[in-house]
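Atom set for the values below is all heavy atoms of this structure, side chains included, hydrogens, waters and symmetry mates excluded. In what follows, every chain begins at residue 1, and chains take the letters A, B, ... in the order their sequences are listed.
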Number of protein chains: 2
Amino acid sequence: MPGPHRWRKRFEGHICRWTMPREAILDLLSRTTKHLSAKEIYANLLQIYPGIGLTTIYRTLDLLEKTGMIKKFNFRQGENRYEFAGEQRPHHHHLICTSCGKIIDYSDFAEEELELVEKSAKQLAEKYKFLVQDHNIEFYGLCQQCQKD
Amino acid sequence: MPGPHRWRKRFEGHICRWTMPREAILDLLSRTTKHLSAKEIYANLLQIYPGIGLTTIYRTLDLLEKTGMIKKFNFRQGENRYEFAGEQRPHHHHLICTSCGKIIDYSDFAEEELELVEKSAKQLAEKYKFLVQDHNIEFYGLCQQCQKD
DNA sequence: CTGATAATGATAATCATTTTCAATAATAAT
DNA sequence: ATTATTATTGAAAATGATTATCATTATCAG
Ligand SMILES: [Mn+2]
Ligand SMILES: [Mn+2]
Ligand SMILES: [Zn+2]
Ligand SMILES: [Zn+2]
């Protein structure tokens, strides 16, 4: 279902109005596998949507995150980064190069990981009475290129 | 070995001069199990060390992190937090309450976790040629108190 | 088509962190 | 111990990401 209202139905119940910036931002994120910052999204959209405001980018990203359509990450870099989180995209974690900032998705070990995470969630609930809602696993190090330099 | 030079030898080779702010900051962190922000450290030290500057706190924290004596965390809160990382403190991960910000250390599952992490590091090195140097695992959710509210 | 009002975008404000730079203090040299 | 060297400090200003304000605009129910 292409067109300006592709994502609209995903929103019903969450917000009132479907607008151009919302479509554009979600569309951009859905088309890339990159982890974009607000400013990168802004720079990208300025070309096809001159006049869009950085403020709106931030607001919309918050909104999309709350509805669960995108995910927000802080990779120890100055700015937060966002990625699309549709069901097409498998659950995964990240490798972050501390030298050049490159981010690699990986979904290896999904099974062992899920096992550990679920076991952990259960036991942490018992021991600390903590209700686990989300988890984050990341590896920091050097990418292939940066190991050479 | 108490006294103003308790931590001094840990620094040799890393920095030139051992100073009061450095001792004070490291001492504070070594005495608490909390995860303090720069501003919290500043507020704490002002009492015993009037005149200390927030700038120095930031600089010293950077320095201590580089030597590996403390660890820096971003828990999706506005500010970074720091904790002491001596050998007395076991390797552990965190539960973060998204409602009140409470942070709980846990070191359960250490064995399974270590196993998974090491296996992952090895395979990620092969598949992505990525050199893993550090990892981070965290669970987000609600603490006991916040589940009631 | 029209009105109510949610959403936008320019601007200013905030907040954590970093930079600058003159003054100070830790250490090496005397 | 005294002095000289220069790393370190702290006040102030700068930065950079994000958020708040508010008048204007655009969506959409009626
Ligand atoms: Mn990803
Ligand atoms: Mn901890
Ligand atoms: Zn790299
Ligand atoms: Zn809580």
Side-chain angles (χ1 to χ4, degrees), chain A residues 3-9 11-26 28 35-67 70 72-82 101, chain B residues 3-26 35-67 70 72-82 101:
Chain A
H5 291 263
R6 194 174 335 179
W7 305 108
R8 184 168 189 172
K9 63 175 181 303
F11 264 111
E12 314 211 311
H14 287 298
I15 58 170
C16 293
R17 297 179 184 176
W18 189 240
T19 66
M20 196 110 98
R22 288 171 183 180
E23 174 75 24
I25 292 167
L26 193 48
L28 174 60
H35 307 78
L36 299 173
S37 69
K39 239 186 308 185
E40 286 168 348
I41 292 170
Y42 178 59
N44 254 287
L45 292 186
L46 264 187
Q47 301 169 16
I48 62 168
Y49 188 150
I52 195 169
L54 184 54
T55 308
T56 302
I57 309 281
Y58 277 110
R59 270 191 301 235
T60 305
L61 288 170
D62 275 357
L63 193 71
L64 293 172
E65 197 209 351
K66 283 198 190 83
T67 70
I70 66 174
K72 180 181 186 175
F73 292 96
N74 175 293
F75 294 124
R76 298 184 188 173
Q77 297 160 162
E79 48 202 346
N80 292 316
R81 295 186 167 276
Y82 301 83
Chain B
H5 292 263
R6 194 175 335 180
W7 304 109
R8 183 167 190 172
K9 63 175 180 305
R10 304 278 302 270
F11 264 111
E12 314 211 310
H14 287 299
I15 59 171
C16 294
R17 297 179 185 178
W18 188 241
T19 66
M20 198 110 96
R22 288 170 184 181
E23 174 75 24
I25 291 167
L26 193 48
H35 307 79
L36 298 174
S37 69
K39 239 186 307 186
E40 286 169 348
I41 292 169
Y42 178 59
N44 253 287
L45 292 185
L46 263 188
Q47 301 169 16
I48 61 168
Y49 188 152
I52 194 170
L54 184 54
T55 308
T56 301
I57 308 280
Y58 277 110
R59 269 191 301 237
T60 305
L61 288 171
D62 276 356
L63 193 71
L64 292 173
E65 197 209 352
K66 284 199 190 82
T67 70
I70 66 174
K72 181 180 185 175
F73 292 96
N74 176 293
F75 294 123
R76 299 184 188 173
Q77 297 160 162
E79 49 203 343
N80 292 316
R81 296 186 167 277
Y82 301 83

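- In this structure, Gln77(B) places its CD atom 13 Å from C1' of dA16(C), rounding to the nearest Å.
- The two residues Ile52(A) and Tyr42(A) come nearest to each other via the heavy atoms O-CE1, 3.2 Å.
- Listed by first and then second residue, the salt bridge (Lys or Arg N to Asp or Glu O under 4.0 Å) pairs that reach into residues 51-62 of chain B come to none, sequence neighbours excluded.
- As a whole-Å value, the separation of Glu40(A) CD from dG16(D) C1' is 15 Å.
- Side-chain atoms of Arg81(B) and Glu40(B), non-hydrogen and from C-beta on, do get closer than 4.5 Å to each other.
- Closest heavy-atom contact between Thr56(A) and Pro21(A): CG2-CB, 3.7 Å.
- Using a 4.0 Å heavy-atom criterion, one finds that Thr19(B) contacts the sugar-phosphate atoms exclusively.
- Listed nucleotides: dG10(D), dT5(C), dA7(D). Nearest to the side chain of Arg17(A): dT5(C).
- Under 4.0 angstrom from either OP1 or OP2 of dT17(C) there lies at least one side-chain N or O belonging to Asn80(B).
- Distance, Glu23(A) CD to dT8(C) P: 13 Å, rounded to whole Å.
- Contact annotation: side chain of Arg22(B) to base of dT8(D), donor-acceptor pair absent below 3.5 Å.
- Residues Ile41(A) and Leu61(A) are in side-chain contact: their nearest non-hydrogen atoms beyond the backbone lie under 4.5 Å apart.
- Taking atom OH on Tyr42(A) and atom P on dT18(D), their separation rounds to 15 Å, with Å as the unit.
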Tyr82(A) and Asn80(A): CA distance, side-chain angles, deciding distance, side-chain contact (heavy atoms from CB on, under 4.5 Å) verdict: CA-CA 7 Å; Tyr82(A) 301 83; Asn80(A) 292 316; 4.1 Å; yes
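- In this structure, Ile41(A) places its CD1 atom 10 Å from P of dT18(D), rounding to the nearest Å.
- Atom NZ in Lys39(B) sits about 7 Å away from atom C1' in dA16(C), given to the nearest Å.
- Between Ile52(A) atom CD1 and dA7(C) atom C1' there is a gap of 12 Å when expressed in whole angstrom units.
- In the helix from dC1(C)-dG30(D) to dT30(C)-dA1(D), the end axes, each obtained as the rotation axis mapping the C1' atoms of four pairs onto the next four within a five-pair block, lie 40° apart to the nearest 10 degrees.
- The distance from atom CG of Leu61(A) to atom C1' of dA17(D) is 13 Å, rounded to the nearest whole Å.
- A donor-acceptor contact shorter than 3.5 Å links the side chain of Arg22(B) to the backbone of Arg17(B).
- The side-chain heavy atoms of Ile48(A) and Leu45(A), taken from C-beta on, include a pair separated by under 4.5 Å.
- Distances from the side chain of Thr60(A) to the nucleotides dT8(C), dG10(D), dT27(C) place dT8(C) closest.
- Proximity of Ile70(B) to Ile25(B): side-chain heavy atoms (C-beta onward) are nowhere separated by under 4.5 Å.
- Among the heavy atoms of the strands lying under 4.0 Å from Tyr49(A) are primed sugar atoms or P, OP1, OP2 only; no base atom is included.
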Check nucleotides 19-25 of chain D against the protein and report each pair of N or O atoms closer than 3.5 Å, with its distance, or say if there are none.
unit_1	atom_1	unit_2	atom_2	d
dA20(D)	N6	Thr55(A)	OG1	3.4

